[in-house]
Number of protein chains: 2
Amino acid sequence: MTKETTSRSRKPKRGQTREALMAAALELVVKKAPFSALSLREVTKKAGVVPTAFYRHFPDMSALGLTLLDESFRTLRHMMRQVRQEELPNERMLRGSLEVYFNYVRNNRAHFLFVSKELAGGTPTMRNAIRREIRMFTNELAMDMARFPFLNHVNAEDLQMMAGLVVNNVTALTQEMLELEEIDETGQREVLMTAEKQLRLIYFGVGMWRSDKSSS
Amino acid sequence: MTKETTSRSRKPKRGQTREALMAAALELVVKKAPFSALSLREVTKKAGVVPTAFYRHFPDMSALGLTLLDESFRTLRHMMRQVRQEELPNERMLRGSLEVYFNYVRNNRAHFLFVSKELAGGTPTMRNAIRREIRMFTNELAMDMARFPFLNHVNAEDLQMMAGLVVNNVTALTQEMLELEEIDETGQREVLMTAEKQLRLIYFGVGMWRSDKSSS
DNA sequence: AATTCAAGTCAACACCTGTACACTTAATTT
DNA sequence: AAATTAAGTGTACAGGTGTTGACTTGAATT
């Protein structure tokens with residue numbers, strides 16, 4: 001009967017203050033300052049809760065930050081997995097993938113803003129966590145490319161280099177996108193078109209690449 | 001006689017507190033936190049001066065930030081101008097240019113760290129100022145490329161796109177470089193080599209590019 | 001029905017923050 | 001030599017900060 005919520009560590013039923021705190025922090029990041037500049041007190045205030053209540057859910061602000069980071073990447077990884085398993089990369093699907101990705105960015109603006117700001121300005125712990133996630137994406141992309149017959153003759157190191165090139169650019173374009181107003185659809189379309197051209201250019205370059213000269 | 005320092009607004013002779021304040025802020029950015037998280041008081045403390053002395057040189061912290069930004073880009077522009085006027089871009093000089101650039105980054109680590117952190121986490125004013133500078137570099141690179149016979153048939157929009165691709169990547173690699181310890185020369189060499197390969201790949205892609213289909 | 005306990009409140013603390021104001025001092029101008 | 005002025009100091013205040021400890025409360029466990 002009342003056993004819906006199982007065993008120990010029952011979910012917070014009515015008191016979803018934890019979520020409120022995370023949402024408040026995220027909102028402040030969007031419209032005020034980088035996460036590292038937020039104070040515990042203003043987060044709790046925005047969450048409509050007394051400062052000391054914070055400690056019932058997180059030991060300190062940096063713990064909140066790491067939770068937020070985890071949340072951001074968990075959903076992003078999920079989306080990436082879907083895009084990836086659709087088809088092997090080729091020029092045709094490029095446009096589609098980019099549209100899906102940037103649409104996702106658009107719908108998760110707050111999380112991306114949070115990550116983007118912390119990537120450069122966060123604590124070392126935070127920065128390393130983010131860079132590790134990005135490296136994971138790069139690795140997965142490199143693995144996908146390895147399966148592409150077109151690239152049989154390219155060695156692992158160069159595949160990594162190519163994937164890095166793509167990821168670097170998408171990251172930069174994402175940040176460019178985040179700088180645009182939410183309503184600026186023209187600007188967003190422009191970024192998308194630039195992205196497509198840049199990736200196509202990379203695609204051409206990849207086609208010409210020869211992994212000779214070994215790795216001196 | 002005593003007229004060495006001219007007319008009004010004489011240079012601060014002994015009291016080079018202004019420079020001390022800027023140096024202190026820069027040092028704190030390197031080893032503590034993004035500029036936006038620094039307090040006026042800790043900057044003055046590190047500069048060995050009483051808090052209220054700050055106001056003799058800057059109206060507030062954000063003014064110090066803008067001055068720091070100006071200083072950062074003034075010397076960077078100077079270096080870029082030298083590199084640029086050497087020769088038209090081609091594959092041979094690529095390695096050399098990259099070495100010069102990354103060497104410069106290495107020798108101005110504090111300034112680059114400052115800019116890198118403010119690019120994402122600074123005030124809107126700060127972010128816009130930085131993005132404007134970067135856009136200027138992109139434009140200049142596009143102009144250089146336009147002079148390249150190889151690229152006669154590429155229209156202006158696409159040149160801009162290509163320059164953007166290069167700048168995006170160099171920016172990302174610069175940040176990667178800044179994450180490395182100052183003593184990690186192996187890592188730095190690796191970044192340099194990756195950079196060279198990535199730009200060469202872009203170079204190949206540029207060679208294949210055709211600006212047809214106009215801009216739909 | 002009694003008990004336990006997670007999740008909330010309130011009051012208080014020691015500290016750090018930006019800035020105003022009045023004062024000194026040494027150098028430059030007159 | 002006298003006057004001015006840029007650049008430094010010390011004190012003070014009102015406000016924000018993280019964190020403590022003791023208290024309340026209502027729902028889940030027993």
Side-chain angles (χ1 to χ4, degrees), chain A residues 1-25 27-29 31-68 122-123 125-126, chain B residues 1-25 28-29 31-68 121-123 125-126:
Chain A
M1 297 229 172
T2 56
K3 219 182 176 184
E4 295 180 50
T5 63
T6 56
S7 61
R8 55 187 155 132
S9 103
R10 49 227 168 290
K11 297 169 193 164
K13 190 179 165 182
R14 184 68 48 81
Q16 63 281 57
T17 309
R18 195 184 144 98
E19 274 74 15
L21 287 170
M22 291 170 60
E27 192 182 336
L28 285 169
V29 165
K31 64 178 59 166
K32 214 203 137 241
F35 178 81
S36 29
L38 299 186
S39 77
L40 182 149
R41 282 180 114 106
E42 66 184 329
V43 170
T44 56
K45 186 188 292 180
K46 171 139 264 168
V49 120
V50 98
T52 48
F54 184 93
Y55 297 102
R56 302 293 173 191
H57 304 277
F58 304 97
D60 55 24
M61 280 294 285
S62 86
L64 205 188
L66 289 178
T67 307
L68 236 30
T123 63
T125 309
M126 198 75 104
Chain B
M1 296 226 176
T2 56
K3 218 181 177 186
E4 295 180 51
T5 62
T6 55
S7 60
R8 57 182 151 136
S9 101
R10 48 227 166 291
K11 297 169 194 165
K13 190 177 167 183
R14 183 69 48 81
Q16 64 281 58
T17 308
R18 194 184 145 99
E19 274 74 15
L21 288 171
M22 290 171 61
L28 285 170
V29 165
K31 65 178 59 167
K32 216 203 138 243
F35 179 80
S36 28
L38 300 185
S39 76
L40 181 150
R41 282 180 112 107
E42 66 184 327
V43 170
T44 55
K45 186 189 291 180
K46 171 138 264 168
V49 120
V50 99
T52 47
F54 184 93
Y55 297 102
R56 301 293 174 193
H57 304 277
F58 304 98
D60 55 26
M61 280 292 286
S62 85
L64 206 190
L66 290 177
T67 307
L68 236 29
T123 63
T125 309
M126 198 73 103

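Each chain gets a letter, A, B and so on, in the order its sequence line appears, and its residues count up from 1.
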Original post:
What one-letter contact string describes nucleotides 14-19 of chain C from 5' to 3', where B marks a base within less than 4.0 Å of any protein heavy atom, S marks contact via sugar-phosphate atoms alone, and - marks no contact?
Top reply: ---BBB
Can you name the closest pair of heavy atoms from [X] and [Y] and give their distance?
X        : Y        : result
Ala25(B) : Leu68(B) : CB-CD2, 4.0 Å
Pro34(A) : Ser36(B) : CG-OG, 4.4 Å
Leu64(A) : Leu21(A) : CD1-O, 4.4 Å

Original post:
Which residues satisfy the salt bridge (Lys or Arg N to Asp or Glu O under 4.0 Å) test with Lys32(A), sequence neighbours excluded?
Top reply: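 If we apply the salt bridge (Lys or Arg N to Asp or Glu O under 4.0 Å) test to Lys32(A), skipping adjacent residues, the hits are Glu42(A).
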Original post:
Which whole-number value in Å describes the distance from Phe58(A) CZ to dA6(C) C1'?
Top reply: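 Distance, rounded to whole Å: 15 Å.
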Original post:
Rounded to the Å, how far apart are Leu28(A) CG and dT17(D) C1'?
Top reply: 15 Å
**OP:** Establish, with yes or no, whether the OP1 or OP2 oxygen of dG8(D) is under 4.0 angstrom from a side-chain nitrogen or oxygen of His57(B).
**Re:** yes
Subject >> Rounded distance (nearest 0.5 Å) linking atom CZ of Phe35(B) with atom CE of Met61(B) >> reply: 4.0 Å
Subject >> Any residue meeting side chain to side chain contact (heavy atoms under 4.5 Å, CB included) with Arg41(B), in chain and number order, not counting sequence neighbours >> reply: Ser39(B), Pro51(B)
**OP:** Could you say whether Arg56(A) or Gly48(B) is positioned toward the 5' end of DNA chain D, judged by the nucleotide with the nearest heavy atom to each?
**Re:** Gly48(B)
